[in-house]
Structure formats: structure tokens, C-alpha cells
Amino acid sequence: MTTVAGSLRRPMTAMGDFFVLAGETFAAAWRRPFAWRELIDQIWFVARVSIFPTLMLSIPYTVLIVFTLNIVLLEIGAGDLSGAGAALASVTQVGPVVTAIVVSGAGATAMCADLGARTIREEIDAMKVIGVDPVRALVVPRVIAATFVALMLYSVVAVVGLTGSYAFVVFVQHVTPGAFVAGLTLLTGLPQVIVSLGKALLFGLSAGLIACYKGLSVGGGPTGVGSAVNETVVFAFMALFLINILATAFGVKVAP
């Protein structure tokens, strides 16, 4: 029992520290003065490292799903419903998931590496000594930036995915353009869009918090920073799948 308790103590302590940081971040977000310049810099930074991978992932993901679905639809003579499948895939699943993958794999890792480098150089401790709260000055802008960029990227993924699906379905699989457009709103409406926006918001928020926590708690020099970056990706993906399952289940209940 002692061995089991000892093995569980470290992850439980880390989880507790993470929730403490999350609470401090939410509380500090309402304090003034707000680090507007840092927020703008972080939004541009996360968007710059995320936008290209997002565009490169959104089209293949959506086209692959639509292609597979349309094979079945065309076989049963229901090719006119391809627009409904494309909208459902792009808006409810591909958009939020691709956004989460890119924000976690590109934006969050970059933020973790930046904060980890500051931590091992003892810049965070120096900020505390001179009376600057690192949570309000560094963590809050990064978490808000990750959340905001995730929402914006989701919109880009949804539009690009639908556009790519339209081009593929109409020009490759020879579905009538009017039938494709008419089917877009058959299964997907405003409630589904709102739920998917909520998914993207939670993905960005969790990725930002995980990246900041791992960056501020890093130890062991440059090797520790590399380990923290790898752990950020793993934990962010774990949070991604958990949030996606819970949010999808919730969306099915409130927006069937």
C-alpha cells in the first residue's frame, strides 16, 4: 500500500498544482493592468506557427471523410446527400479536432519551450522578486491567445474543409453543385456550430493551460525543457480526446 501511495503521490500533486495554476489564471485575468501588448504578441505568434499546418491538414481530413462517405452514397443512389455529410464532418468533427491537433502540436509546444527557457534561466524567479506576477504577465496572455486562435482556426478549418469538399465532390465525383449546397444544412445547423465552437474554445484553453503549467514547472536544465515540451503534446492530446468525447455527447443531447 505504501508503494502504491508513493507512486500516486507525484501525479496527484502535479494535477493539484495544475488546477491551482488554472484557478490563479482565471482570477488574474480580471485584474488590472492587463498585458495587452503581450497578448497581441502571443496571438500573432500562435497564429503564425499554426495557420499553415491547419490549412494543410483541413483539406485532406475532410476530403478523405467525404470521399469515403460518398462511395457509399453513390452506390445507393443518394449522392445528393453528400453536402450533408461534408457539413457534418467539417463543422462537428474535423474542424475542432484539426484545430486542437495544430494548437497542441505547434502553438502549445512553442509556448511551453518559451516559458521553460525562462524558468531555467531563473527569469520567472526574478520577476517574483521584483514584484511582478508571472501568472498575470505571462500565463494569462498565452492562455487567452491560445483560446482565441483556436476559435479563429476552427472557422478557417470549417470554411476551407467545406470548400475543398465542394471542389472534390463536384469535379471529381460529379455530384450536382446545387444538390451539394442544398444538403449542407440538412444535418448541420446553428446548434451544431455553437457546440463545435465550444469544443474549439475548450481545446485552446486546455492546451494553453497545459503548456504554461509544464513550462513553469520545468526542471533539469535544457533536457528538462525538451521533456516538458514532449509531455505537453501528450497531455494536450489526452485532454483533446476527453473533451471531444464529453462535448460530442453533450452536443448530441442538446442538439440532436
Side-chain angles (χ1 to χ4, degrees), residues 18-19 22 25-26 29 42-43 46-47 49-66 69 83-112 140 142-165 184-214 232-256:
F18 171 77
F19 284 113
T25 302
F26 293 138
Q42 290 302 313
I43 289 175
V46 178
V49 301
S50 302
I51 185 65
F52 183 74
T54 300
L55 295 177
M56 292 299 99
L57 281 175
S58 60
I59 297 177
Y61 264 74
T62 308
V63 168
L64 177 62
I65 294 175
V66 172
L69 177 63
L88 188 65
S90 298
V91 173
T92 64
Q93 293 300 322
V94 175
V97 171
V98 168
T99 299
I101 290 174
V102 174
V103 171
S104 302
T109 53
M111 287 192 292
C112 177
V140 171
R142 282 162 173 77
V143 172
I144 294 178
T147 305
F148 177 77
V149 172
L151 287 173
M152 297 299 102
L153 288 179
Y154 162 73
S155 304
V156 172
V157 171
V159 173
V160 171
L162 288 174
T163 304
S165 298
L184 290 177
T185 57
L186 188 62
L187 298 176
T188 307
L190 182 60
Q192 285 75 25
V193 174
I194 293 175
V195 171
S196 298
L197 284 171
K199 281 187 190 180
L201 185 148
L202 292 175
F203 288 154
L205 181 65
S206 60
L209 287 172
I210 291 171
C212 291
Y213 170 72
K214 297 304 297 182
T232 297
V233 176
V234 174
F235 291 140
F237 282 179
M238 291 172 61
L240 179 159
F241 291 116
L242 178 61
I243 293 172
N244 190 43
I245 291 172
L246 296 177
T248 301
F250 174 77
V252 170
K253 290 293 184 181
V254 301

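Here the structure is a predicted model, which is why all the values come from computation and not from measurement. The figures that follow rest on heavy atoms only: side chains count, while hydrogens, waters and symmetry mates do not.
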**Message:** As a test of understanding, state which of V98, V91, V103 forms a side-chain contact (heavy atoms from CB on, under 4.5 Å) with Y154.
**Reply:** V91
**Complete:** T109 and V233 have their tightest heavy-atom pair at CG2-CG2, 3.1 Å
**Request:** Provide the full list of salt bridge (charged side-chain N to carboxylate O under 4.0 Å, His left out) pairs with a residue in residues 87-111, sequence neighbours left out, each pair given once.
**Result:** none
**Between CZ on residue F148 and CD1 on residue I43, distance to nearest 0.5 Å** = 5.5 Å
**Request:** Report the C-alpha distance between T232 and Y213 in whole Å, list the side-chain angles of each, state the deciding distance to 0.1 Å, and finish with yes or no for side-chain contact (heavy atoms from CB on, under 4.5 Å).
**Result:** CA-CA 9 Å; T232 297; Y213 170 72; over 6 Å; no
Could you list the donor-acceptor pairs under 3.5 angstrom formed between side-chain atoms of residues 197-207 and any protein atom two or more places apart in sequence or on another chain?
residue	atom	partner	partner atom	Å
K199	NZ	T92	O	3.0
K199	NZ	N244	OD1	3.1
K199	NZ	T248	OG1	2.9
S206	OG	L202	O	2.9
S206	OG	F203	O	3.0

Give every donor-acceptor pair under 3.5 Å between a side-chain atom in residues 155-162 and any protein atom, sequence neighbours left out.
residue	atom	partner	partner atom	Å
S155	OG	L151	O	3.3

**Asked** Would F26 and L209 satisfy side-chain contact (heavy atoms from CB on, under 4.5 Å), going step by step from the backbone distance to the final call?
**Response** CA-CA 10 Å; F26 293 138; L209 287 172; 4.3 Å; yes
**Request:** With sequence neighbours excluded, tell me which residues meet side chain to side chain contact (heavy atoms under 4.5 Å, CB included) with A110.
**Result:** F45
**Complete:** By side chain to side chain contact (heavy atoms under 4.5 Å, CB included), I144 pairs with (sequence neighbours left out) F34, L39, V140
**Prompt:** Are more than 12 heavy atoms from other residues, nucleotides or ligands located less than 6.0 Å from atom CZ of F18?
**Reply:** yes
**Message:** Measuring only between side-chain heavy atoms, which start at C-beta, is C212 closer than 4.5 Å to V143?
**Reply:** yes
**Request:** Can you see which heavy atom on K214 is nearest to which on C112, and at what distance?
**Result:** CB-SG, 3.9 Å
**Message:** Taking salt bridge (charged side-chain N to carboxylate O under 4.0 Å, His left out) as the cut-off, I'd like each qualifying pair that reaches into residues 142-165, sequence neighbours left out, listed once.
**Reply:** E38-R142, D114-R142
**Prompt:** Taking it one step at a time, do S50 and L153 satisfy side-chain contact (heavy atoms from CB on, under 4.5 Å)?
**Reply:** CA-CA 8 Å; S50 302; L153 288 179; 3.6 Å; yes
